[in-house]
Amino acid sequence: MSDKSDGYKVICDNRQARYLYEILETYEAGIQLTGTEVKSIRAGRVNLQDGYALIRNGEAWLINVHISPYTASGQYFNHEPRRTRKLLLHRQEIRKLVGKVEQQGLTLVPLKMYLKRGWVKVTIALVKGKKLHDKREDIKKRQDQREMQRAMKNY
């Protein structure tokens, strides 16, 4: 199977974001990367846990996402692990996001990073923080679902 296949391969998933935030909208964005970053991503050495996105001067930036240095290359040619990376979005999408982030006080968080037809893509989400009681409610729903599945399995 070639690198340019139609499907996509998930490299990293930010499951913590789904727990901490209520997801309102999602967007697919490309990222401006260097060569060693792409090689590290293909090896699966990415952490989206503390990452977030900002919009400055009409451009979207991915901040605080850790891409480990590529081990097979020398120190001189490697990249900075937590450097700020530019997100590639359409101008209309950026305009929409600027309005929602500034006026409604929402946040942009990366949900997952994947390879799509050979290109590295990130799904970013427009999110609103959950309160403690909402988190507890989600945990309770999940436990109830598991118990129902166990009961159905026995019968």
Side-chain angles (χ1 to χ4, degrees), residues 1-135 137-139 141-142:
M1 195 164 126
S2 71
D3 245 357
K4 306 278 183 190
S5 66
D6 290 334
Y8 68 89
K9 177 186 173 190
V10 176
I11 303 297
C12 185
D13 195 16
N14 190 357
R15 294 172 58 202
Q16 189 73 22
R18 297 183 202 292
Y19 173 72
L20 293 174
Y21 303 105
E22 178 185 338
I23 297 169
L24 304 175
E25 291 180 36
T26 60
Y27 295 91
E28 180 183 65
I31 321 173
Q32 197 173 35
L33 298 169
T34 63
T36 54
E37 287 175 331
V38 174
K39 290 179 179 186
S40 249
I41 289 170
R42 287 184 187 278
R45 302 180 54 88
V46 182
N47 187 0
L48 297 174
Q49 205 81 25
D50 301 326
Y52 60 97
L54 285 180
I55 297 177
R56 284 191 216 131
N57 303 328
E59 294 178 335
W61 299 92
L62 189 62
I63 299 171
N64 212 19
V65 169
H66 188 275
I67 299 175
S68 297
Y70 187 58
T71 55
S73 73
Q75 191 67 29
Y76 179 73
F77 296 106
N78 243 326
H79 61 273
E80 183 70 32
R82 286 198 186 269
R83 78 176 183 91
T84 302
R85 296 165 181 93
K86 186 175 179 179
L87 289 175
L88 308 173
L89 287 164
H90 290 284
R91 190 166 283 128
Q92 299 93 330
E93 290 176 330
I94 291 174
R95 263 194 239 119
K96 269 193 232 174
L97 289 173
V98 165
K100 291 183 179 178
V101 168
E102 288 180 0
Q103 292 173 0
Q104 299 175 4
L106 302 175
T107 310
L108 288 169
V109 175
L111 293 181
K112 67 179 160 183
M113 187 178 285
Y114 54 94
L115 292 170
K116 183 177 180 182
R117 293 176 24 218
W119 297 98
V120 178
K121 301 283 184 180
V122 174
T123 302
I124 59 170
L126 197 61
V127 297
K128 184 171 73 172
K130 282 186 186 176
K131 304 286 186 221
L132 183 62
H133 59 85
D134 292 334
K135 293 177 193 175
E137 194 174 297
D138 286 348
I139 291 170
K141 281 182 189 175
R142 207 174 313 128

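Along the sequence shown, residues carry numbers from 1.
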*Are Lys96 and Tyr27 close enough, and set up right, to give a side chain to side chain contact (heavy atoms under 4.5 Å, CB included), and what steps lead you there?*
CA-CA 11 Å; Lys96 269 193 232 174; Tyr27 295 91; 4.3 Å; yes

For atom [atom1] of [X], is the number of surrounding heavy atoms from other residues, nucleotides or ligands below 6.0 Å larger than 12?
X: His133; atom1: NE2; answer: yes
X: Gln103; atom1: CD; answer: no
X: Arg15; atom1: CZ; answer: no
X: Lys135; atom1: NZ; answer: yes
X: Lys39; atom1: NZ; answer: no

[X] side, atom [atom1]; [Y] side, atom [atom2] - distance, nearest 0.5 Å:
X: Glu22; Y: Lys130; atom1: CD; atom2: NZ; answer: 7.5 Å
X: Met113; Y: Leu111; atom1: CE; atom2: CG; answer: 11.5 Å
X: Lys100; Y: Ile55; atom1: NZ; atom2: CD1; answer: 11.0 Å

State, yes or no, whether a side-chain contact exists between [X] and [Y] at a heavy-atom distance under 4.5 Å.
X: Leu97; Y: Glu25; answer: no
X: Leu89; Y: Ile124; answer: yes
X: Leu108; Y: Leu87; answer: no
X: Arg85; Y: Ile67; answer: yes
X: Ser68; Y: Pro81; answer: no
X: Val122; Y: Val65; answer: no

Testing the basics here: between [X] and [Y], what is the closest heavy-atom pair and its distance to 0.1 Å?
X: Ala60; Y: Ile94; value: N-CD1, 4.3 Å
X: Gly129; Y: Tyr21; value: CA-CD2, 3.8 Å
X: Ile11; Y: Gly44; value: CG2-CA, 3.8 Å

Between [X] and [Y], is there a donor-acceptor pair closer than 3.5 Å when you use the side chain of the first and the backbone of the second?
X: Asn47; Y: Gln49; answer: yes
X: Asn14; Y: Leu48; answer: yes
X: Asn78; Y: Tyr70; answer: yes

Enumerate donor-acceptor pairs with a distance under 3.5 Å from any side-chain N or O in residues 28-36 to protein atoms, sequence neighbours excluded.
residue, atom, partner, partner atom, Å
Glu28, OE1, Lys116, NZ, 3.4
Glu28, OE2, Tyr114, OH, 2.5
Glu28, OE2, Lys116, NZ, 3.3
Thr34, OG1, Glu37, OE1, 3.4
Thr36, OG1, His79, ND1, 2.9

*Going through the distances and angles, do Asp50 and Arg82 end up as a side chain to side chain contact (heavy atoms under 4.5 Å, CB included)?*
CA-CA 10 Å; Asp50 301 326; Arg82 286 198 186 269; 4.2 Å; yes

_salt bridge (charged side-chain N to carboxylate O under 4.0 Å, His left out) partners of Lys86, counting only residues at least two apart_ =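 Applying salt bridge (charged side-chain N to carboxylate O under 4.0 Å, His left out) to Lys86 gives Glu59.
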
